Asks: 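Here you go, one structure.
Note that ligands are numbered from 1 as they come in the structure, with each ligand's atoms numbered from 1 the same way. Positions are given from 1, in the same order as the sequence printed here. All of these numbers come straight from a predicted model, not from anything done at the bench.
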Amino acid sequence: MPELPEVEVVRRGLAAGITGRRVARVEVLHPRPVRRHLLGATDFAAQLTGRTFAEPRRRGKYLWLPFTDGDALLAHLGMSGQFRLDHSSSPDAPNTRIRIALVDGDPELRFVDQRMFGGLSLALDGAELPAEIAHIGRDPFDPAFDLGAAVARLRHKRTGIKRALLDQQLVSGIGNIYADEALWRARLHYARSTDTLPRPAAVDVLTQAAAVMREALGQGGTSFDSLYVNVNGSSGYFDRRLAVYGREGEPCPRCGTAIRREPFMNRSSYRCPRCQRVPRHARF
Ligand SMILES: [Zn+2]
């Protein structure tokens, strides 16, 4: 699943590509990605037609495309959802599900989704923040993000640090990749208990998470999944800079010890067994 930097790459591409443009026609090629629209695909298409896009917005990993009338199109990227900006004459990419033609011509907006866990839905009055994602915490790139408050929330939880980092209500935008990288930078084991974590360590790990995501954004994101591309169909380069994620058996860039992969929440955690030792106060 894309994390904050990858979604921000998409948001920027869409901001440059659709802001201020009006919808001429919507074609729903498969009903599944609009299943959240209870009145069906035909109504979905009719509802969008004639509206003008404002600048796309994001909170954490969640992206929405506001309209100038105050409503918004909420994107659920799921495992494989992508937006593409393509010329109307160019053939559909494989798994194109929704085509949105714009009044002023090319490029048009297409939603592509191989596995179709994602989709698009209309969020009434959602331009500022769709109600469906109002419970999501602010992410570290948000100008209103309050680090002190986030640290307090984190230390108030009785859980493991990685679970806390992945909790989108606590701090949003961090997924498996950037959690592992932030923990490695902060020299913390993923199961370190949050309620006994000293305040400076909590500040450090959240600061490291923001830093690694900012670096990833500078590289166009991480192409951890061949399904994941930006609106132009190309992927990012940050995977070359990852210290631990996906690097089982490779030397830790800091101490040379072989990186270890361990099962965690139905996925994996990568850590350096020397830099990130198993803590006395562990919560798995
Ligand atoms: Zn190490």
Side-chain angles (χ1 to χ4, degrees), residues 1-6 8-9 60-61 139-141 145 147 150-151 153-155 157-168 170-226 228 235-284:
M1 256 180 109
E3 303 182 31
L4 187 158
E6 293 76 38
E8 176 61 13
V9 168
K61 313 173 193 178
D139 64 66
F141 289 14
F145 178 72
L147 179 63
V151 164
R153 284 198 300 277
L154 187 135
R155 296 179 69 226
K157 288 223 151 209
R158 296 168 68 89
T159 186
I161 182 67
K162 185 168 173 180
R163 280 183 186 271
L165 292 176
L166 297 178
D167 179 348
Q168 301 299 304
L170 204 147
V171 176
S172 67
I174 307 169
N176 211 29
I177 297 175
Y178 300 115
D180 280 3
E181 294 297 306
L183 289 168
W184 177 79
R185 290 184 180 203
R187 299 172 187 252
L188 288 175
H189 187 282
Y190 55 83
R192 181 69 169 79
S193 64
T194 50
D195 49 323
T196 58
L197 190 66
R199 194 176 183 282
V203 169
D204 186 39
V205 73
L206 287 178
T207 304
Q208 299 290 2
V212 70
M213 291 196 294
R214 204 169 292 283
E215 290 167 33
L217 181 59
Q219 298 284 313
T222 298
S223 62
F224 49 87
D225 185 332
S226 61
Y228 181 74
S235 58
Y237 296 101
F238 193 68
D239 43 332
R240 297 173 196 171
R241 307 269 188 93
L242 296 172
V244 288
Y245 184 85
R247 302 219 180 280
E248 182 181 19
E250 293 180 37
C252 165
R254 196 160 43 211
C255 75
T257 306
I259 300 300
R260 194 175 288 174
R261 178 170 68 89
E262 288 156 337
F264 181 84
M265 290 173 75
N266 296 322
R267 289 186 288 176
S268 296
S269 266
Y270 296 88
R271 68 176 175 105
C272 169
R274 186 164 170 203
C275 296
Q276 301 165 269
R277 292 175 192 269
V278 180
R280 267 188 301 146
H281 302 286
R283 289 183 190 277
F284 285 87

Asks: With distance as the sole test, does Q168 use its side chain to make a donor-acceptor pair with the main-chain N or O of I174 at under 3.5 Å?
Replies: yes
Asks: Heavy-atom count check: over 12 atoms from other residues, nucleotides or ligands less than 6.0 Å from R254 CZ?
Replies: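 Yes.
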Asks: How many angstroms lie between OG in S269 and CH2 in W184, if you round to the nearest 0.5 Å?
Replies: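 These two atoms lie 15.5 Å from each other.
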Asks: Rounded to the nearest 0.5 Å, how far apart are OH of Y178 and CZ of R214?
Replies: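 Y178 OH to R214 CZ: 13.0 Å, rounded to 0.5 Å.
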Asks: How many protein N, O or S atoms sit closer than 2.8 Å to the Zn ion (ligand 1)?
Replies: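 Protein N, O or S neighbours of the Zn ion (ligand 1) under 2.8 Å, waters not counted, come to 4.
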Asks: Going from CD1 on I259 to CZ on R271, what distance comes out if it is rounded to the nearest 0.5 angstrom?
Replies: 10.0 Å
Asks: Can you spot which of K162, R153, K157 makes a salt bridge (Lys or Arg N to Asp or Glu O under 4.0 Å) with D167?
Replies: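 Considering K162, R153, K157, a salt bridge (Lys or Arg N to Asp or Glu O under 4.0 Å) with D167 is found only for K157.
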